[in-house]
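The structure appears below as structure tokens.
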Protein chains: 4
Amino acid sequence: MVEKKKLSRRKMDKLRHRHQMLAAALDLFAAKGYHNVSMHEIAGKAEFAIGTLYSFFKNKEDLYKALIVEMTDEYHRILSDALFKENDTLAAIGEYIAAKAEFFTNSVATLRLYFAETRGASFNIKAGLDQDIRNLYDEMIEKLASTMKRGMDRKVLKEGDPYYMAVTLEGITNAFLFCWLEDPKRHLYASNVPMIKELFLNGCLTK
Amino acid sequence: MVEKKKLSRRKMDKLRHRHQMLAAALDLFAAKGYHNVSMHEIAGKAEFAIGTLYSFFKNKEDLYKALIVEMTDEYHRILSDALFKENDTLAAIGEYIAAKAEFFTNSVATLRLYFAETRGASFNIKAGLDQDIRNLYDEMIEKLASTMKRGMDRKVLKEGDPYYMAVTLEGITNAFLFCWLEDPKRHLYASNVPMIKELFLNGCLTK
Amino acid sequence: MVEKKKLSRRKMDKLRHRHQMLAAALDLFAAKGYHNVSMHEIAGKAEFAIGTLYSFFKNKEDLYKALIVEMTDEYHRILSDALFKENDTLAAIGEYIAAKAEFFTNSVATLRLYFAETRGASFNIKAGLDQDIRNLYDEMIEKLASTMKRGMDRKVLKEGDPYYMAVTLEGITNAFLFCWLEDPKRHLYASNVPMIKELFLNGCLTK
Amino acid sequence: MVEKKKLSRRKMDKLRHRHQMLAAALDLFAAKGYHNVSMHEIAGKAEFAIGTLYSFFKNKEDLYKALIVEMTDEYHRILSDALFKENDTLAAIGEYIAAKAEFFTNSVATLRLYFAETRGASFNIKAGLDQDIRNLYDEMIEKLASTMKRGMDRKVLKEGDPYYMAVTLEGITNAFLFCWLEDPKRHLYASNVPMIKELFLNGCLTK
DNA sequence: GATGAATGAGTATTCATTCAT
DNA sequence: CATGAATGAATACTCATTCAT
């Protein structure tokens, strides 16, 4: 029993330390960009020696990848949940917009990295992850597209290419997130969700 | 006369050389990212000595800034022209969408840099340009917003915040450009312009 | 009694563990060289924790020294035995050649280290051992030289400097060992012992 | 003409600088061993900045290889010349012994590296050169062996395996070089050449 | 006594920038 | 005025060693 407790404490410690390092890295990468952050800086901010950092991540790229993957995984989990919480198509779309906004408003840093990796051309990693991330991103779009398809089948949404409808929603939400990122005071999040939904569903034309 | 001709020839040469250097830099930056391109590489690709490169641009950042500024200037000139070519609001919006697409389809490299600088969090330049570019970007949005405002005044567009309407159009067009950038064969540009216009104006709801 | 048994078992264990560590170190050092082997690697191969390794040897150099010293001690014991087993000079020389060959053919790894330390300029240890090893090596040469001297006194060997005669025998045997080390299949050991003896004693000239 | 001169001066400078760097590296590697010498140290001793060193050699291994290859090439050229200067077999052998001794007595450092690379197990380079050097070494032995063969055909040397005869000569000369390396005062070079020749040709037995 | 997480000095290497020719 | 050799600060990464549990 004592043995087990001891072991589990060590493992807990390791996990906690890993989180501290990833948190420090997230802040720094988001603030200054991959290439303007040194491993020493990350170690310093996390209050560990450089060697300790390297005992957790085999190199800088590996650390960055871990960060992106964990972030992306959680992000997609949350969006999927939002999308499938409601059976009603319009409600699902509303949940999606709200969940996306909420996820990022909790962490500006995460949003910066998300944009850097998915919208801006990312040159931070040699190979592999880049494609992985893009694939995950595309999967998300496909899920969204299938929601759109369902809406069409139910005659709630206009006929058309569900993929491009999903792309459109992505584009609008990203644009608003970007506004908020640039000037959080001016562009309040709460009031925008209904507006985004309205713009996406009804467009700008007078009826 | 001879003197003058000589001088003007020299100036022409310098200008041409400058363009060659910027072109080399554009290709490399777009392909590999600011931090993964060395000044030697740019000089090599442009077929000049490193010292010559430095006689044109005082440092790497300066070269990058020149590239971005020239690109952005032309981009905004073209978009403004498109926006004010037609008095009719809906026609103007169509022109805008088409001009934006055309500008970038001529140069994937330019599009990559545009995304890197405006959408992805750019960490390529220490300070200054970043804000300059954002300001220019915002000016563009304001121009677009004023077109939207005109549309509202003419009862062509629904009442609402013209700024966010502009943001919405930006978001949708960027999303489609991004699709094309990722997979140019799948997402053809020509057929998408009307679809974008339709999605922006009428939304996705069945009437 | 129980107490004593326990203690002696513990001591036996420690000794066994020490041997396991030294064996792992020998293999690795011989295969990759002192500087290309890490303490973690040795600990891993010996299946001990790094701290345990350090409880047996105070540092890397110390471990290496222990290895070399134990190897050298046994080597010299065996060669001395061979040299003094036979009273007859020529027989003694034959025994020496055979013993040297046999000692190393049992362990290629040992031979690699032997060469690294005695023939190649060794840069593995800061100071101290280097000289110790050289002294031991010289002692061995002196023993061999005294055998040569006895041979001269008995008019079996040609007059000359017995030291250089010993050096000559060392050189020839090492050269053949080296051949074998490089290409064990081509250069068989058993058949070479008489040849070495003949070359050393009679030279290459026709009579 | 002026143009040409200028250019050639630059090239001369580069060549001279390269030699200075290699000379510094030779001294340091010979004194302390590959792994105990840092690139900064070499650059410092050669009185260049670290970057300059790297503009001449793409990495540490490359610098080391250049050193070894140039040394080995010259060494083998000199030995080949010595071997084929005289038609008479015994004279050729004498020349060989003398040339080998002379080559190294000019540069203790070179001898240290030669031993480190050819006799001691070298672990300084990952792959490739190692085998190259061994092949060159073997070529040399084969040349020596063919001289031995000629001696046998002319009934000057005893019948036997010419390869092993060459190996024997190598062994003896190396052993004496090693003595000299260890204690240059005690083991004078000039007086040893005839002794080596005598020991190799006639052996140690009384007639 | 064994363990392995943590440490941090040390090292190879890159690349923006300068300046003598 | 173009050239490219030289510079050296900066940075990713390793590994011998320690010590709390």
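The chains referred to below are lettered A, B, ... by the order of the sequence lines, with proteins before strands, and numbering in each begins at 1. Quantities reported herein were computed from a predicted structural model and do not represent experimental measurements.
D13(A) meets the side-chain hydrogen bond (donor to acceptor under 3.5 Å, both in side chains) test with R16(A); sequence neighbours excluded. Listed by chain and number, the residues in a side-chain hydrogen bond (donor to acceptor under 3.5 Å, both in side chains) with K32(D) are E41(D) (sequence neighbours excluded). Partners of T110(B) by side-chain hydrogen bond (donor to acceptor under 3.5 Å, both in side chains), not counting sequence neighbours, listed by chain and number: S107(B). Residues satisfying the side-chain hydrogen bond (donor to acceptor under 3.5 Å, both in side chains) test with E47(D), not counting sequence neighbours, are none.
Separating the CZ atom in F57(B) from the CG atom in D62(B) is a distance of 7.5 Å, to the nearest 0.5 Å. Put simply, CG on L28(A) and CG on N36(A) are 11.0 Å apart, with the number rounded to the nearest 0.5 Å.
Distance CD (E61(B)) to P (dC15(E)): 17 Å, rounded to an integer number of Å. As rounded to whole Å, 12 Å separates atom P of dA12(E) from atom NE2 of H35(C). Following rounding to the nearest Å, N59(B) (CG) and dC15(E) (P) show an atom-to-atom distance of 17 Å. With rounding to whole Å, E41(D) atom CD is found 9 Å from dA12(E) atom P. One atom, CG of L28(B), and another, P of dC15(E), lie 13 Å apart when rounded to the nearest Å. Rounded to whole Å, atom C1' of dG8(F) lies 13 Å from atom OH of Y54(D). The CZ-P distance, from F57(D) to dT13(E), rounds to 13 Å in whole Å. Atom CG of N36(B) is separated from atom P of dT11(F) by 15 Å (rounded to the nearest Å).
Counting heavy atoms from C-beta on, the side chains of Q20(C) and H17(C) come closer than 4.5 Å. Between F29(D) and V37(D) the shortest side-chain heavy-atom distance falls below 4.5 Å.
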Notebook entry, point to check: How does protein reach along nucleotides 6-11 of chain E, written 5' to 3' as B (base within reach of a heavy atom under 4.0 Å), S (only sugar-phosphate), or - (no contact)?
Noted result: SBBB--

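Both tests hold for K60(A) against Y34(A): distance to the six-membered ring centre under 6.0 Å, angle to the ring axis within 45°.
Consecutive Watson-Crick or G-U pairs involving DNA chain F, each under 3.5 Å on both distances, make up stems of three or more pairs at E:2-21 with F:2-21.
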